[in-house]
Amino acid sequence: VQLQAFGGGLVQAGGSLRLSCAASGRTSSTYAMGWFRQVPGKENEFVAAITWIGGRIDYADSVKGRFTISRDNAKNMVYLQMNTLKPEDTAVYFCAATSSYYYTTANDYTYWGTGTLVTVSS
């Protein structure tokens with residue numbers, strides 16, 4: 001499974017961005033897709049996840065009410081709509097895929113895409 005995230009950029013606090021993740025390869029072998037973010041010197045942080053079948057969704061408390069994850073099964077795409085962005089949302093965002101029924105920690109994921117940088121200015 002190959003993943004590529006894109007859509008990052010520079011935005012002012014309070015603004016919005018939409019990240020996209022294109023999945024290819026044996027995506028049918030995966031159960032869920034997740035978004036993570038990482039700031040230098042800190043651990044990879046879970047942001048959101050969605051299952052391909054059923055569309056079960058989980059969010060980190062820090063993004064609930066501001067971020068929305070969605071998927072397009074036909075296109076093998078996963079999106080992260082980020083609204084009301086804060087400077088503390090600044091990070092490199094990664095999409096990942098897992099075959100596990102557990103999908104809220106980085107260790108649950110097998111496949112990782114390249115990151116896309118999101119910078120939120122104050």
Side-chain angles (χ1 to χ4, degrees):
V1 177
Q2 294 79 45
L3 305 170
Q4 183 174 5
F6 53 95
L10 173 63
V11 63
Q12 287 187 333
S16 299
L17 277 176
R18 187 174 88 150
L19 304 183
S20 300
C21 177
S24 60
R26 291 190 61 196
T27 56
S28 60
S29 67
T30 60
Y31 176 71
M33 296 288 294
W35 286 98
F36 289 79
R37 63 188 182 187
Q38 190 165 31
V39 175
K42 293 188 176 182
E43 291 190 355
N44 216 341
E45 178 189 7
F46 170 74
V47 175
I50 187 168
T51 61
W52 285 116
I53 304 300
R56 178 174 175 175
I57 291 174
D58 283 275
Y59 293 104
D61 288 342
S62 58
V63 306
K64 280 181 182 176
R66 300 189 298 121
F67 290 12
T68 302
I69 190 171
S70 62
R71 81 219 190 281
D72 185 330
N73 290 37
K75 295 180 179 179
N76 285 336
M77 295 288 295
V78 177
Y79 307 97
L80 186 69
Q81 177 66 43
M82 305 185 295
N83 298 328
T84 319
L85 282 160
K86 304 175 182 180
E88 51 263 44
D89 294 318
T90 295
V92 177
Y93 284 71
F94 298 87
C95 61
T98 179
S99 303
S100 171
Y101 291 147
Y102 302 97
Y103 47 80
T104 58
T105 69
N107 287 339
D108 298 326
Y109 287 78
T110 303
Y111 307 101
W112 291 84
T114 55
T116 185
L117 175 62
V118 173
T119 304
V120 184
S121 63
S122 57

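Rounded to the nearest 0.5 angstrom, Thr27 OG1 and Tyr111 OH are separated by 10.5 Å. Summarising the geometry, atom CD belonging to Gln38 is positioned 8.5 Å from atom CD belonging to Glu43; distances are rounded to the nearest 0.5 Å. Taken from CG in Asn73 to OG in Ser28, the straight-line distance is 11.5 Å, to the nearest 0.5 Å. The line from OG of Ser99 to CZ of Arg26 is 8.5 Å long, rounded to the nearest 0.5 Å.
Side-chain heavy atoms closer than 4.5 Å link hydrophobic residues (I, L, V, M, F, W, Y) into clusters, and following such links, even through other members, never connects Leu19 to Phe94. By the criterion of side-chain heavy atoms lying less than 4.5 angstrom apart, applied directly or through intervening Ile, Leu, Val, Met, Phe, Trp or Tyr residues, Val11 is not grouped with Leu117; the two fall into different hydrophobic clusters. A chain of hydrophobic side-chain contacts below 4.5 Å, direct or via other Ile, Leu, Val, Met, Phe, Trp or Tyr residues, connects Ile50 to Val47.
Side-chain contact check for Ser29 versus Val1: some heavy-atom pair is nearer than 4.5 Å. Side-chain contact check for Met33 versus Leu3: some heavy-atom pair is nearer than 4.5 Å. Met77 is listed as a side-chain neighbour of Ser20, based on a closest heavy-atom distance under 4.5 Å. Between Asp108 and Tyr101 there is no side-chain heavy-atom pair separated by less than 4.5 Å. In this structure, Thr114 and Phe6 have side chains that are not in contact, with every pair of non-hydrogen atoms separated by 4.5 Å or more. Contact of the Ile69 side chain with the Val78 side chain is registered, since non-hydrogen atoms from C-beta on lie closer than 4.5 Å. Looking at heavy atoms from C-beta onward, Glu88 lies out of side-chain contact with Ser62 at the 4.5 angstrom threshold.
Closest non-hydrogen pair, Ser100 versus Thr98, comes out as N-OG1, 2.9 Å. Of all heavy-atom pairs spanning Thr104 and Tyr109, the tightest one is N-CE1, 4.5 Å. In terms of heavy-atom proximity, Val39 sits nearest to Ala91 at CG2-CB, 3.8 Å. Across Tyr59 and Thr68, no two heavy atoms sit closer than the pair OH-CA, 3.2 Å. Here the shortest heavy-atom pairing between Thr30 and Trp52 reads OG1-NE1, 3.0 Å. Shortest non-hydrogen contact noted between Trp112 and Ala106 is CZ2-O, 3.6 Å.
Every residue two or more places apart in sequence or in another chain that forms a side chain to side chain contact (heavy atoms under 4.5 Å, CB included) with Thr51 is listed here: Tyr31, Ala32, Arg56, Tyr103. Remark: Lys64 engages Asp61 in a salt bridge (Lys or Arg N to Asp or Glu O under 4.0 Å) (not counting sequence neighbours). Taking Asp89 as the reference, Arg37, Arg66 meet the salt bridge (Lys or Arg N to Asp or Glu O under 4.0 Å) condition, with sequence neighbours excluded.
Ring planes of Phe46 and Phe36: perpendicular class, angle over 60° (limits at 30 and 60°).
Not one N or O on the side chain of Ser122 forms a donor-acceptor pair closer than 3.5 Å with the backbone of Pro87. A donor-acceptor contact shorter than 3.5 Å links the side chain of Thr90 to the backbone of Val120.
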Quick one, Asp72 with Tyr79, criterion side-chain contact (heavy atoms from CB on, under 4.5 Å). Give me CA distance, side-chain angles, the key distance, then yes/no. CA-CA 8 Å; Asp72 185 330; Tyr79 307 97; 4.1 Å; yes
